[in-house]
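Heavy-atom basis, side chains included; hydrogens, waters and symmetry copies ignored. Indexing begins at 1, ligand by ligand and atom by atom, following the structure's order. Throughout, residue positions are numbered sequentially from 1 according to the sequence presented.
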Amino acid sequence: MNKIMEMLKKDIQYIKGVGPKRLSLLKRLKISNIEDMLYHFPRDYENRSISKKIIEVQPGDQTTIYGIVVGTCQSIYVRKGLNINRYLLKDATGSITITFFNQPYMKNKFKPNDHLMLYGKVKKSFQGLEMINPIYEIMEANKVTMQEGIVPVYPTTEGLTQRQIIDIQKNIIEVVEEIVDYLPEDIVKKNKLCSLQFALKYIHFPTSLQQIKVAKYRLVFEELLLLQLALIKIKKKTIKQQKSIPLRNNEGIDVFLKRLPFALTMAQKAVLKEILEDLGKEVPMNRLVQGDVGSGKTIVAIIALYKAVINGCQGALMAPTEILAEQHYHSLKQLLEPLGIRIGLLIGSLTKAKKQQLSQEIQEGKIDIIIGTHALIQQTVNFYRLALVITDEQHRFGVRQRAILAEKGDNPHILVMTATPIPRTLALILYGDLDISIIDELPPGRKEIKTRSLTSEEKERVYHIAKKELRLGRQAYVVCPLVEESEAIEAKAATEIKEELAATYFSDYEVGLLHGKMHPKEKETVMKLFLENKIHILVSTTVIEVGVNVPNATMMIIENAERFGLAQLHQLRGRVGRGDFQSYCLLIHNNKSKIAKERMKIMEETTDGFIISEKDLEIRGPGEFFGIRQHGLPDLRIANLFKHMKVLKKVQSQVEELLKEDPYLTLEKHPLLKEKLEEKFKGFEGT
Ligand SMILES: Nc1ncnc2c1ncn2[C@@H]1O[C@H](COP(=O)(O)OP(=O)(O)OP(=O)(O)O)[C@@H](O)[C@H]1O
């Protein structure tokens with residue numbers, strides 16, 4: 001370890017101002033050495049440089065004022081949970097009330113004639129102008145000790161004040177003078193970045209807003225650059241080291257395609273071509289297929305599996321839910337069994353003996369295609385000759401899990417499908433280890449799903465519209481409110497709604513029930529009856545969210561729609577509009593908040609999955625949207641994948657250029673970068 005590294009890794013407990021108590025608080029913020037502290041960036045800044053005379057102060061101002069305390073503290077106990085301490089402050093131009101709500105320790109904190117410096121928000125109230133809960137400093141003999149100018153505001157934890165963090169930062173900041181930039185000079189110059197020294201110093205102690213901007217840009221850039229480099233490295237490594245079984249035989253695929261009841265769309269054809277080419281290679285395929293709901297991803301997957309089998313190998317299809325696994329099982333059986341292909345379904349509800357028997361058959365190669373849920377295939381099965389694994393992504397499967405999967409069998413080709421389309425720039429980060437194909441076209445004849453949002457008072461109208469559809473021979477879904485805490489409560493709610501509907505509005509129809517607590521055999525029966533139109537209305541929890549395909553269902557009713565994320569509503573809506581009939585989605589909502597209304601409006605206005613996921617990202621932020629950690633990516637400290645999309649684009653082209661010049665980072669100008677990358681991503685699967 002070189003000298004600078006040693007310094008950066010020095011334990012934070014040796015820094016002035018850090019005692020045992022602060023140490024444990026810092027640990028809570030995941031700060032254990034100097035480097036962590038330096039990279040603990042402000043979440044915001046307060047501009048205290050503008051101070052005003054009291055006469056200049058206006059309601060709404062966020063400002064600094066100076067003055068002298070007049071008289072004593074006025075302390076009022078209003079009721080439990082509300083106490084007020086007030087002071088009057090004056091300068092040569094006027095006076096203003098200073099009010100502290102619920103800060104009992106502010107009682108008599110200031111004495112008459114104390115000189116104060118205050119920073120806070122000004123309001124107009126009964127008291128005239130009033131500054132509420134300001135940050136304050138008692139000034140000794142006109143000596144200002146409170147940090148003036150632009151002051152950072154740090155993410156913190158209870159017990160650790162902003163002031164204390166700033167003090168610690170002050171005590172370590174000189175370290176940056178020694179730091180050597182690990183970004184090579186050409187990258188720094190070309191992208192007009194400031195030096196690392198400048199960035200680290202002024203992100204903490206800026207003297208102008210421009211400095212913050214410049215420092216932040218540099219730090220965001222380097223964070224995204226490291227991330228992108230790491231992901232590409234994983235991809236390269238996988239490609240370099242592994243060999244798959246090349247599947248070169250395409251005989252019979254054309255005939256198979258001709259026998260399908262429909263012709264593939266141009267988009268499906270293009271994606272299929274990419275997949276078939278990948279499968280023919282010795283390097284394992286690692287491909288993501290993005291396609292909006294109903295764009296026809298399944299058939300593309302089926303053809304890929306078919307290709308594995310005609311090449312004498314096995315294929316596996318992993319679904320996120322049992323219902324979906326079963327649905328896939330039936331479609332594959334229908335299409336492939338007549339061709340002599342043996343298909344197995346491996347799900348949790350099978351008896352132990354049956355599972356064992358299936359595992360045995362898979363191991364002996366008596367089954368060609370196995371369909372199951374993720375967990376099962378991951379844990380228990382050994383394959384005879386597995387060449388292709390297809391997983392249904394749904395954001396539940398990250399970089400790490402994919403790596404585990406790659407170790408199974410003879411480095412099988414991997415195809416990941418996702419129905420949540422995301423902008424390409426983001427996909428490159430989140431699925432940086434995958435090649436990407438997009439099905440950006442729906443099968444012909446699909447009509448736009450008409451979407452309306454209604455309040456719960458209008459429920460009768462909703463059911464009335466649903467009845468009209470049923471009379472035409474169509475079917476409907478009613479999705480119950482999302483209860484995050486418990487599947488059991490969710491199931492109970494669904495059962496109640498089902499009973500109510502069966503007894504009242506829809507007593508002339510067959511009403512079915514589907515929820516996660518039901519036995520898989522029961523679920524299967526219900527889905528089968530629904531598919532055969534023997535159940536007309538299906539009351540369900542979100543178990544039907546993913547992939548369920550019943551083209552005769554044309555009505556989707558979602559209760560408490562405000563509880564769902566946009567992407568999830570889009571998924572649910574995608575259960576209808578899968579055939580030639582006009583379909584409808586009715587969103588029942590209670591929430592009158594602006595955001596809820598805005599979200600309902602987006603759903604009414606567009607059925608384009610890309611737009612919806614982009615809006616969802618905007619509302620919820622990428623962290624929550626993707627479960628960044630779930631994807632095996634390290635935490636981002638300053639970059640935001642959504643907000644900094646433009647920077648990300650630049651980074652991506654920079655990384656491409658860099659790796660073209662020096663794929664293994666062995667050039668003389670790159671050792672520090674390489675070192676940083678290895679240090680930052682150690683333990684990161686695949687590097
Ligand atoms: N080219 C096509 N022409 C007509 N119908 C098609 C075509 N491709 C697929 N379909 C049909 O469209 C429906 C939806 O296809 P599929 O279930 O594969 O969608 P998906 O992309 O998997 O959607 P989801 O993500 O919602 O599960 C199916 O009924 C399928 O048979």
Checklist outcome for this item: Counting heavy atoms under 4.0 Å, the part of R446 that contacts ligand 1 is side chain
Next on the checklist: Is the contact between L264 and ligand 1 made by the side chain, the backbone, both, or neither, using heavy atoms and a 4.0 Å cut-off?
Outcome noted: backbone
Next on the checklist: As an exercise, identify every atom of ligand 1 less than 4.0 angstrom from a heavy atom of T265.
Outcome noted: 1 (N)
N/O donor to acceptor pairs below 3.5 angstrom from side-chain atoms of residues 508-519, sequence neighbours left out:
from, atom 1, to, atom 2, distance (Å)
H515, ND1, K517, N, 3.0
H515, ND1, M518, N, 3.4
H519, ND1, K521, N, 3.0

Next on the checklist: Heavy-atom pairs closer than 4.0 Å: do any link ligand 1 to the side chain of R575, the backbone, both, or neither?
Outcome noted: side chain
Item to check | Shortest heavy-atom approach to atom 6 (C) of ligand 1 - which of P261, G445, P443 | outcome: P443
Checklist entry - What part of Q268, side chain, backbone, both or neither, has a heavy atom within less than 4.0 angstrom of ligand 1? => result side chain
Checklist entry - Do ligand 1 and A263 have nitrogen or oxygen atoms that lie under 3.5 Å from each other? => result yes
Checklist entry - Taking everything shown except Q334 itself, do over 12 heavy atoms lie less than 6.0 Å from its CD? => result no
Checklist entry - Where do A325 and L345 come nearest, in terms of heavy atoms and distance? => result O-CD1, 3.8 Å
Checklist entry - Measuring from the heavy atoms of S295, does anything fall under 4.0 Å of ligand 1? => result yes
Checklist entry - Taking distance alone, with no angle check, do G294 and ligand 1 share an N/O pair under 3.5 Å? => result yes
Checklist entry - Any idea which atoms of ligand 1 are less than 4.0 Å away from a heavy-atom of T298? => result 16 (P), 17 (O), 18 (O), 22 (O)
Checklist entry - Under 3.5 Å, is there a donor-acceptor pair between the S437 and R287 side chains? => result yes
Next on the checklist: Does N249 have more than 12 heavy atoms from other residues, nucleotides or ligands lying within 6.0 Å of its CG?
Outcome noted: yes
Item to check | Numbering as shown, the atoms of ligand 1 that approach V293 to under 4.0 Å (heavy-atom distance) | outcome: 23 (O), 25 (O), 26 (O)
Item to check | All salt bridge (charged side-chain N to carboxylate O under 4.0 Å, His left out) counterparts of K273, not counting sequence neighbours | outcome: E277
Checklist entry - Do Y463 and K467 have side-chain atoms, one donor and one acceptor, less than 3.5 Å apart? => result no
Checklist entry - Do the charged groups of E559 and K459 touch, with an N to O distance under 4.0 Å? => result yes
Next on the checklist: Would Q571 count as a polar contact of ligand 1, with the cut-off being nitrogen or oxygen pairs under 3.5 Å?
Outcome noted: no
